[in-house]
Undergrad: 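Take this structure first; my questions come after.
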Amino acid sequence: MFDPAVIVPPALFSLMTAHVAGALVPLIAPWRDEAKNRLAHGSAIVACAAGVLVGIGGLLAPEPLVFSLPSTIPLLTIQLRLDPLSAFFVFVISLSGVAASIYALGYVREFYERHSIGALGALYHGFLLSMILVVTADDAFFFLIVWEVMSLVSYLLVVTEHEKAETRYAGFFYLVMTHVGTAFILIAYLVFYQQTGSFTFDTFRQSGHALPEGFRTIAFVAAFIGFGAKAGIVPLHVWLPYAHPAAPSHISALMSGVMIKTAIYGLIRVYFDFLGGAFPWWWGFAVLAIGAVSALLGVMYALMEHDLKSLLAYHSVENIGIILLGIGAGMIFQSYGLSHLAALGLLAGLYHTMNHAMFKGLLFMGAGSLLYATHTRNMEEYGGLIRAMPWTAFFFLVGSISISALPPTNGFVSEWLTFQSLFLSFMLPDLLMKILIPIGAAMLALTGALAVACFAKAFGVAFLAMPRSHHAKNAKEAPLPMLVGMGTLATVCVALGLAPMLVVPVLDRVIAPFTGAQLAQSVVTEGGWALMPMGVGFASISTPVLTILLAVIIPATLLGVFLFAGKLKRRFYKTWGCGINLKPSMEYTATGFAQPIRQVFSTIYRPTVKIEKDMLEESRYFARRMRFEVHIEPTFQRYLYDPVVWVFNMVANRLRVVQAGSLHLYLAYIFLTLLALLLWVG
């Protein structure tokens, strides 16, 4: 019998012990890199497995479990609280961590004798542990400390290959953006503190609903900007395409898969827990609108990327937008007192949170395997890798199907639930909302179509046709631990798609305390075979039946072809190439694949084309060499961030006069500051 009160404490102790031991021992032991790698990531597997038990225990526990340590620092309470929301995120982080740690056993070999494996392992443990502490912290002061530790450690992991200038720039960009976000989170918590006089979350949730309306709005906006910067919502997303590709691939998988989800945790905690789930409709609409814009722009920018990891980073922007669509719809329904629909929107958001962690982790690992084999992230230098890396190709295909929301995988289920929560807006009493929310559904539909196109491009260009480079031609399959890590997440992606009837009751335990509505009994019907958000009359789906139908229809079609078209024969012919031999340079490229979409949305992309020709001396009609480049305009960076940077630089230059290099002048500054403080206090 699984008793959470008995299982969770020793599992939590094992988690902490394994993380501390895994961080310290490889760092100080004079062992070879192989031993350090095995110890660091082997102990990470143990710690994350214990985290999975902690998450399951927290989800099943009838009451929140609280753990505290003594603190001598004023205002700081070191206390962990494991309620269903925290437990859900602990489970998702730990499950992703298990797969990433297995994967790292093979992937980190790439860094032997180039970087300190002990330091890399220590930072990896610090990163995993800080994420667990962020989602279990029960005190604002303590939360901000572990939040900053998470940001700092992830920054150090991003700049692992700091010898590259672009990596240092990516790390600096990330560090600035994450601290801007932290400043806004601090403002949100100070709003609660000035009303309660305490930093404990328990006092926040007891008095948050009694805050004056103006303070509640400040808390809403500050939390949305602060956590939104970490999540990567538009226009605060600009750091993702720099930082995620620069980090080692197993770190990218965790940053994109679960670290940015700690911001989703923070938003739900503030809005539905501290503020009691009582808010005006426009809060939910703001979240939904930003989510819709993030989803659409994220996938549009992803389509133009040729760097595989940057492409995946932009898709994180897209999927954060999809998650916010569900949460925003839930907030709107909650503001009108439709608790059942609010629970459905929140359910869709959390389901997609978990699904994105799984398939995005899988895809980043797949990209890491390609990088491991070819030493490049440029898709134009791939091609034909399915022959050399069949297992990587298969796992990448599973991830591509999942993120494209195609059945029977997990992305299909959560996006279907998101659509249902948006379509049910016709039940709102406000005509304006009835008109506006379906626009979000239309944008989600366009997002889905573009995502399919984007991953058709990514898979086709990387794995099909002929190798386009020497590295692709000589690529070899990834080591076994990397395949096991990817296989673990691929299995989870399929399982979460086939068994929503098991997932929905678990998520029901997470959302019921915030919405007051129980969904599982009404949504999971037909003996667990179907999901029906609003009963039989509106919409229903059964992924197991859909899978069975696909498993029957495809073989039946092949059998029909065999029976009616005669015996199937394998015939091999060369592809017709207008009478000349085909070369890799004649293949359909990623640039060519995206060209029609770039033309359709040229108003947004504002592309610039550069063509260099080296003509033959004998004739100006024949080129010896041609080079074609196309770039899209970085709109947000040029028109939003560059002006801000220019203003800061200008102000900083003006203030340089203050820094005169004179000790006497600095002592005068201190004296005047003290004098001003004494006058203010007096």
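The basis for the numbers below is simple: all heavy atoms, side chains too, and nothing from hydrogens, waters or symmetry mates.
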Undergrad: C493 and V398: which non-hydrogen atoms are nearest, and at how many Å?
TA: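 What the structure gives for the nearest pair is CB-CG1, 4.5 Å.
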Undergrad: Kindly compute the distance separating CG (L417) from CG (L519), expressed to the nearest 0.5 Å.
TA: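 Reported to 0.5 Å precision, the distance equals 9.5 Å.
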Undergrad: Tell me the closest heavy-atom pair linking P500 and L531, and the distance in Å.
TA: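 So the minimum-distance heavy-atom pair works out to CB-CD1, 3.7 Å.
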Undergrad: Go through the steps to decide whether I233 and L324 satisfy the test side-chain contact (heavy atoms from CB on, under 4.5 Å), and finish with yes or no.
TA: CA-CA 9 Å; I233 62 171; L324 291 182; 3.4 Å; yes
Undergrad: Could you tell me whether the side chain of D508 and the main chain of A520 form a donor-acceptor pair under 3.5 Å?
TA: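 It does hold such a pair.
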Undergrad: Of Y103, Y107, F111, which meets ring pair (Phe, Tyr, Trp, His ring centres under 6.0 Å) against H250?
TA: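 Among Y103, Y107, F111, the one that satisfies the ring pair (Phe, Tyr, Trp, His ring centres under 6.0 Å) with H250 is Y107.
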Undergrad: Salt bridge check, R468 against E587: does any charged N sit closer than 4.0 Å to a carboxylate O?
TA: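 Yes, this pair counts.
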Undergrad: Where is the tightest heavy-atom contact between I260 and S316, given as atom of each residue plus distance?
TA: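 What the structure gives for the nearest pair is CD1-CB, 4.0 Å.
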Undergrad: Measure the spacing between CG of L12 and OG1 of T136 and express it to the nearest 0.5 Å.
TA: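 OG1 of T136 is found 7.5 Å from CG of L12.
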Undergrad: Evaluate the criterion side-chain contact (heavy atoms from CB on, under 4.5 Å) for residue pair V108 and H41; output intermediate values, then yes/no.
TA: CA-CA 10 Å; V108 170; H41 297 103; 3.6 Å; yes
Undergrad: Where the side chain of H125 meets the backbone of A40, is there a donor-acceptor pair that is under 3.5 Å apart?
TA: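 At least one qualifying donor-acceptor pair exists.
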Undergrad: Would you confirm whether N474, through its side chain, and H470, through its main-chain N or O, come within 3.5 Å as a donor-acceptor pair?
TA: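 Yes, N474 side chain to H470 backbone: donor-acceptor pair under 3.5 Å.
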Undergrad: Taking atom CG of L347 and atom CD of Q420, what is their separation to the nearest 0.5 Å?
TA: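 That separation rounds to 12.0 Å.
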Undergrad: Run the side chain to side chain donor-acceptor pair (under 3.5 Å) check on T374 and E381 step by step: do they pass?
TA: CA-CA 9 Å; T374 64; E381 298 182 35; over 6 Å; no
Undergrad: In sequence, state the C-alpha distance, the side-chain angles, and the governing distance for L296 and L446, and then conclude on side-chain contact (heavy atoms from CB on, under 4.5 Å).
TA: CA-CA 7 Å; L296 187 55; L446 179 58; 3.7 Å; yes
Undergrad: Please find out if less than 6.0 Å separates the ring center of F455 from that of F459.
TA: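 Between F459 and F455, which both carry aromatic rings, the centre distance is not below 6.0 Å.
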Undergrad: Indicate yes or no for a side-chain donor-acceptor contact from S404 to the backbone of L406 under 3.5 Å, with no hydrogens or angles considered.
TA: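 Checking the backbone N and O of L406 against the side chain of S404, no donor-acceptor pair under 3.5 Å is found.
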Undergrad: Return the orientation label for the H356 and F359 ring planes: parallel under 30°, perpendicular over 60°, tilted otherwise.
TA: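 Aromatic pair H356/F359 classed perpendicular.
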Undergrad: For A458 versus L308, what's the shortest heavy-atom pair and its separation?
TA: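 Here A458 and L308 meet closest at CB-CD1, 4.4 Å.
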Undergrad: Between L288 and L422, is any pair of side-chain heavy atoms under 4.5 Å apart?
TA: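 In contact.
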Undergrad: State, yes or no, whether a side-chain contact exists between V92 and T353 at a heavy-atom distance under 4.5 Å.
TA: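 V92 vs T353: side chains apart.
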Undergrad: On a heavy-atom basis, which atom in S101 and which in L128 lie closest, and how many Å separate them?
TA: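 Distance-wise, the nearest heavy atoms are OG-CD1, 4.4 Å.
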Undergrad: To the nearest 0.5 Å, tell me how far Y112 OH sits from E34 CD.
TA: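 With rounding to 0.5 Å, OH (Y112) is 3.5 Å from CD (E34).
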Undergrad: Looking at side-chain heavy atoms only, is the closest gap between L350 and I511 below 4.5 Å?
TA: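 Yes. Closest side-chain heavy atoms under 4.5 Å.
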Undergrad: Taking the side chain from N319 and the backbone from H315, do they hold a donor-acceptor pair closer than 3.5 Å?
TA: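 Pair found, side chain donor or acceptor close to backbone of H315.
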Undergrad: Does S369 reach the main-chain N or O of M365 with its side chain, forming a donor-acceptor pair under 3.5 Å?
TA: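 Present.
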Undergrad: Checking R377 side chain against L371 main chain: does a donor-acceptor pair fall under 3.5 Å?
TA: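 Such a contact is absent between R377 side chain and L371 backbone.
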Undergrad: Tell me the closest heavy-atom pair linking L105 and R38, and the distance in Å.
TA: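 Distance-wise, the nearest heavy atoms are CD2-CA, 3.8 Å.
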Undergrad: Sequence neighbours left out, what pairs pass ring-ring contact (aromatic ring centres under 6.0 Å, His included) with at least one residue falling in residues 365-390?
TA: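 The answer is H375-H471.
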Undergrad: Quick one: does F412's side chain get under 4.5 Å of I541's, heavy atoms only?
TA: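 Of all side-chain heavy-atom pairs linking I541 with F412, at least one is under 4.5 Å.
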Undergrad: Would the W147 and F227 ring centres measure less than 6.0 Å apart?
TA: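 Between W147 and F227, the centre distance is under 6.0 Å.
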Undergrad: Roughly how far, to the nearest 0.5 Å, is the CZ atom of R114 from the OG1 atom of T160?
TA: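 Separation between the atoms: 10.0 Å.
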Undergrad: At what distance, to the nearest 0.5 angstrom, does OG1 of T178 lie from NZ of K230?
TA: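 One gets 3.0 Å once the value is rounded to the nearest 0.5 Å.
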Undergrad: Hey, is the main chain of F91 close enough, under 3.5 Å, to the side chain of S94 for a donor-acceptor pair?
TA: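 Such a contact is absent between S94 side chain and F91 backbone.
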Undergrad: Does the side chain to side chain donor-acceptor pair (under 3.5 Å) test come out yes or no for H306 and T591, once each step is laid out?
TA: CA-CA 8 Å; H306 304 157; T591 304; 3.3 Å; yes
Undergrad: Please check if any side-chain donor atom of T392 sits under 3.5 Å from a side-chain acceptor atom of E477, or the reverse.
TA: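 Result is yes, a qualifying pair exists.
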Undergrad: Less than 4.5 Å apart, any side-chain heavy atom of L297 and any of V317?
TA: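 Counting from C-beta outward, L297 and V317 never come under 4.5 Å.
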Undergrad: The test is ring-ring contact (aromatic ring centres under 6.0 Å, His included); show your working for F463 and F396 and say whether it passes.
TA: CA-CA 10 Å; F463 292 102; F396 195 89; 5.6 Å; yes
Undergrad: We want to know whether Y174 and S154 form a side-chain donor-acceptor pair, criterion being a heavy-atom distance below 3.5 angstrom.
TA: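 Result is yes, a qualifying pair exists.
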Undergrad: Should the ring pair H244 and F364 be called parallel, tilted or perpendicular, given that the plane angle runs from 0 to 90° and is split at 30 and 60?
TA: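 The rings of H244 and F364 stand perpendicular, inter-plane angle above 60°.
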Undergrad: So, applying side chain to side chain contact (heavy atoms under 4.5 Å, CB included) with S256, which one of K309, K360, K261 is it?
TA: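 Among the candidates, only K360 passes.
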Undergrad: Would you say Y314 and E305 are linked by a side-chain donor-acceptor pair, where the criterion is simply a distance under 3.5 Å?
TA: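 Checked: E305/Y314 side chains show no N/O donor-acceptor pair below 3.5 Å.
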Undergrad: Evaluate whether atom CZ of F394 has more than 12 neighbouring non-hydrogen atoms of other residues, nucleotides or ligands under 6.0 angstrom away.
TA: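 Count not over threshold, so no.
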Undergrad: Heavy-atom distance under 4.5 Å between the side chains of V413 and H352, does that happen here?
TA: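 No; the side chains remain at least 4.5 Å from each other.
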Undergrad: Taking the side chain as every heavy atom from C-beta outward, state whether F89 and I132 have any pair of such atoms under 4.5 Å apart.
TA: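 Counting from C-beta outward, F89 and I132 never come under 4.5 Å.
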Undergrad: Passes side chain to side chain donor-acceptor pair (under 3.5 Å), Y351 versus N410? Steps please.
TA: CA-CA 9 Å; Y351 206 149; N410 54 353; over 6 Å; no
Undergrad: Do the side chain of K457 and the main chain of L303 share a donor and acceptor less than 3.5 angstrom apart?
TA: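 The answer is yes, because a donor-acceptor pair under 3.5 Å joins these two groups.
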Undergrad: Is there side-chain contact between L129 and L15, with heavy atoms separated by less than 4.5 Å?
TA: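 Of all side-chain heavy-atom pairs linking L15 with L129, at least one is under 4.5 Å.
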Undergrad: Keeping S252 on the side-chain end and A247 on the backbone end, is there a donor-acceptor pair under 3.5 Å?
TA: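 Looks like yes, one N/O pair under 3.5 Å.
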Undergrad: Go through Y242 and E166 one step at a time and tell me if the side-chain contact (heavy atoms from CB on, under 4.5 Å) criterion holds.
TA: CA-CA 8 Å; Y242 292 99; E166 63 270 21; over 6 Å; no
Undergrad: Would you tell me whether E318 and S294 have side-chain atoms, one donor and one acceptor, within less than 3.5 Å of each other?
TA: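 No, no side-chain donor-acceptor pair sits under 3.5 Å.
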Undergrad: Indicate whether the side chain of S86 and that of R269 have a donor and an acceptor atom separated by less than 3.5 Å.
TA: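 Yes, a side-chain donor-acceptor pair sits under 3.5 Å.
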